[in-house]
Amino acid sequence: MSGESVKEKRESYLERVAALKETRPYSPCRAACPVNTDVQAYVGLIAQGRYSEAFEVIRSVNPIASVCSMICHHPCEQACRRCTVDEPLSVRHLKRFALESSADYRRSKRKLVQKTRNKSIGIIGSGPSGLTAANDLADLGYQVTIYERHPVLGGMLATAIPPYRLPRETLQEDIDDVVAKGVEVKTNCEIGRDITMSDILKGHDAVLIAVGLSQSRSLNIPGVEGPGVLLAIPFLEDVAFNRRPDLGDKVLVIGGGNVAMDVARSARRFGVKDVEMVCLESAEEMPAWKWEVDEALEEGITISHRWGPKAVKREGDKVKGLEVVKVTSVFDPEGRFNPTFDNSQTKLIGADTIIITIGQMANISFLKDSQIKVDERGRVVWDPKTHMSSVNGVFVSGEVVTGPGSAINAAASGHRSAMAIHLYLQGEKIEGALPTYEKEKIAALPADVAEKINREPRIKIHHLPPETRCTAFTAFEFSYDEEAALKEAGRCRGCGGGAVVDTKKCMACLTCQRICPYGAPVVTAWSEIRPEFCQACGLCAPECPGEAISMVSYDVRELRDTMQSVVGGVDPMRQEPVIVAFLCTHHVGVQGFELQENVRKVPVHCTSRIDVIDLLKAMECGADGVAVVRCSDNSCKYKGIKNRVTARVSQAKQLIGMLGIEAGRIEILTADAHDRNSYAAVCAEFAGRIKEAGLRTAKS
């Protein structure tokens with residue numbers, strides 16, 4: 001089969017799989033993602049060393065993928081079914097690895113998208129929602145112009161998230177992807193100052209307001225006005241634009257959310273050694289992510305829980321500290337935020353500077369003379385079903401209407417608003433036609449299946465030590481190297497990527513039910529493979545006599561279809577044998593070890609997926625020997641596969657023997673999973689035995 005026909009066949013397979021996946025329950029990780037990123041698919045591609053393909057899966061639904069690889073709160077990990085076994089898969093770090101590993105490929109893909117529609121759209125704000133909408137609308141062929149009041153694109157990603165969490169070069173990768181499509185950019189352009197809202201409405205066929213929550217809320221307490229009391233967003237903008245405020249020797253941060261953590265940790269990086277946080281909540285109630293809290297504590301930041309601000313104390317204009325009152329409860333019996341206090345318990349927390357981080361609100365002053373309605377809470381009035389404001393053709397998305405949330409939630413809102421604008425400009429109905437991200441997901445891992453899964457520790461990410469990372473605003477979190485990433489990707493159970501049955505071909509022969517180690521198939525008139533039980537090992541597909549079983553996560557025929565390109569032309573004058581080695585990548589990774597030049601590497605997620613036909617195809621393409629290199633029994637990712645793999649190798653040996661070829665040219669080898677060099681060693685030993693047996697007549 002020619003290279004082009006193989007490529008076409010794979011693309012056809014991917015299209016079929018994409019359609020099939022939409023008819024089935026989502027993997028829990030995918031269902032948990034606000035934009036339904038197909039986590040199982042891209043992690044599986046990483047495990048195979050197919051990083052550019054993994055990038056395509058990630059970027060297809062997430063225009064702020066690099067941002068998310070650094071700052072996402074990763075709900076996918078919290079939903080991971082490995083949580084019931086040991087630890088969740090490290091999805092965010094695997095995303096980062098895939099993006100960094102495919103950087104050159106990614107940049108080569110950037111190109112101008114032709115403007116095929118004679119319509120113009122203005123987007124106010126370039127945060128995650130605005131960027132996402134711009135990306136989608138550019139792809140649809142519209143002329144898009146972004147208006148951003150800051151000198152750089154990114155909205156609060158660029159101006160409120162400290163660079164130690166989100167390096168600016170990482171953010172720029174996402175921005176460059178979008179702008180390369182031909183999106184016009186107008187930075188340093190504030191609505192109401194540099195251009196009027198009326199001018200924007202006249203200049204475009206539709207307008208999207210995506211300004212986010214860019215103003216900090218303050219406190220109505222005595223002493224709050226004056227020097228020494230700062231608000232979170234202006235402070236973080238100082239960080240973003242390399243402006244150093246005078247903070248004194250002691251900084252006190254009011255608040256217990258993620259913004260408060262960013263502020264406190266940034267103050268440490270400005271050289272302030274004494275940084276304290278004071279918040280209403282207990283340690284268990286704090287809204288900040290636990291890992292953020294842990295990292296802050298490592299950096300020497302102290303937290304005073306269950307105290308509320310009462311008054312800023314001053315000596316003249318200078319801040320002396322904050323008087324606080326004891327909190328008795330934060331939430332009422334219905335779980336609503338309704339703090340109560342014991343006014344008999346107060347104390348003074350000393351500080352030179354106090355920074356207030358109690359929430360944000362939108363700056364929509366530019367709407368005051370327009371017909372776009374704003375409610376009593378200061379939010380733009382909108383219809384969530386259409387993303388339309390009170391003015392026809394003016395849409396809204398992101399935190400300006402949804403309230404505080406994550407960057408990826410804002411991106412989901414951007415997708416919906418872009419589709420709403422597209423439908424509006426095409427004269428089509430919007431309501432009921434926007435994408436939804438609430439999907440049915442695969443059920444929890446059955447207890448008896450969980451017991452059969454090997455416990456494997458999550459591959460940890462290393463950080464710079466606190467005493468080092470607090471000296472600068474540079475990123476402190478290391479990314480995976482290839483060996484670590486491949487091992488971590490191998491922990492994925494492939495939820496949602498398992499076996500499916502073509503009921504038209506199924507003969508209800510019970511083969512799949514008999515061989516499945518996890519009890520996934522149930523056979524009545526035909527076989528049904530239950531996704532909550534299936535572990536995507538692939539053991540069943542080669543055994544099905546009716547070829548009724550296929551796999552969602554890979555094409556069962558891919559190995560044989562691509563074998564000629566793997567083997568390549570066989571030199572008739574060769575001195576060393578050509579060996580095809582099917583290698584389990586679970587422990588050693590795809591490129592985590594060196595093989596002899598004459599060994600053609602075929603990485604597989606498990607040797608359970610290798611069919612007899614795959615082995616014979618390698619011989620047909622000219623290999624002198626074929627090795628199936630599996631893990632040792634106690635380290636194999638899947639249970640109960642040894643006998644089946646051994647039987648397939650034995651059958652292949654028998655068949656080539658019937659053709660007059662020495663049976664020893666196909667062997668199953670076992671490597672030590674704890675010694676990656678052993679995989680290369682067993683291949684070298686096998687190649688030596690084949691060389692002694694003699695080289696086959698070459699096939700070019």
Side-chain angles (χ1 to χ4, degrees), residues 67 71 124-131 147-166 168 171 187-193 209-221 224-247 251-270 272 275 277-279 287-289 292 296 309 312 353-367 377-380 398-407 409-410 473:
V67 167
I71 68 167
I124 303 172
S126 65
S129 183
L131 285 175
Y147 299 89
E148 171 57 55
R149 68 186 181 93
H150 287 105
V152 294
L153 292 183
M156 292 186 70
L157 297 174
T159 62
I161 297 181
Y164 70 84
R165 286 187 60 215
L166 179 57
R168 296 305 179 249
L171 169 60
T187 52
N188 284 315
C189 184
E190 185 170 349
I191 315 303
R193 182 193 67 188
I209 300 170
V211 295
L213 303 176
S214 59
Q215 284 190 331
S216 287
R217 296 187 184 277
S218 188
L219 287 165
N220 185 22
I221 58 175
V224 75
E225 299 293 337
V229 177
L230 308 178
L231 297 178
I233 300 305
F235 172 77
L236 290 173
E237 288 185 1
D238 284 343
V239 172
F241 295 110
N242 298 312
R243 300 188 293 257
R244 186 186 180 95
D246 182 9
L247 300 174
V251 170
L252 179 64
V253 178
I254 302 174
N258 292 309
V259 174
M261 291 296 161
D262 287 344
V263 168
R265 298 177 69 186
S266 293
R268 281 286 288 118
R269 285 159 174 78
F270 273 134
V272 181
V275 178
M277 300 175 66
V278 59
C279 61
W289 302 118
E292 286 267 22
V312 175
T353 300
I354 296 172
I355 307 177
I356 301 172
T357 66
I358 61 165
Q360 294 96 248
M361 56 186 177
N363 179 1
I364 51 175
S365 58
F366 61 91
L367 298 179
R377 300 174 63 190
R379 290 185 182 177
V380 181
E399 292 183 343
V400 66
V401 283
T402 64
S406 65
N409 279 109
F473 282 92

Hey, what do you get for CE (Met277) to CE (Met261), rounding to the nearest 0.5 Å? 3.5 Å

With a 4.5 Å cut-off on side-chain heavy atoms, are Asp262 and Glu292 touching? yes

For the pair Glu399 (side chain) and Gly405 (backbone), establish whether a donor and an acceptor sit closer than 3.5 Å, ignoring hydrogens and angles. yes

Calculate, to the nearest 0.5 Å, the distance between atoms NE2 and OG1 belonging to His150 and Thr187 respectively. 11.5 Å

Locate the shortest heavy-atom distance separating Ala407 from Pro128; write the atom from each residue and the value. O-CB, 3.6 Å

Could you tell me whether a side-chain N or O of Glu148 sits under 3.5 Å from a main-chain N or O of Ser126, the two making a donor and an acceptor? yes

Got a second to check how far Phe366's CZ is from Tyr147's OH, nearest 0.5 Å? 12.5 Å

Start with the C-alpha gap between Leu219 and Val229, add the side-chain angles, then the distance that decides, and say whether side-chain contact (heavy atoms from CB on, under 4.5 Å) holds. CA-CA 11 Å; Leu219 287 165; Val229 177; over 6 Å; no

Sequence-distant partners of Pro163, side chain to side chain contact (heavy atoms under 4.5 Å, CB included), two or more places apart: Arg168, Val239, Phe473

Determine whether a donor-acceptor pair (N or O, by modelled atom type, separation under 3.5 Å) exists between the side chain of Thr357 and the backbone of Ile254. yes

Going from CG on Leu213 to CD1 on Ile364, what distance comes out if it is rounded to the nearest 0.5 angstrom? 10.0 Å

How long is the span from the CZ atom in Arg217 to the CE atom in Met361, to the nearest 0.5 Å? 6.0 Å

Is the NZ or CZ atom of Arg269 positioned over Tyr164's six-membered ring, under 6.0 angstrom from the centre and within 45° of the axis? yes

To the nearest 0.5 Å, tell me how far Asn188 CG sits from Arg193 CZ. 7.0 Å

Look at the side chain of Thr353 and the backbone N and O of Val251, then say whether any donor-acceptor pair between them is shorter than 3.5 Å. no

Is there a side-chain contact between Ser216 and Phe235, using heavy atoms and a 4.5 Å cut-off? no

Do the side chains of Met156 and Ile233 get nearer than 4.5 Å, heavy atoms only? yes

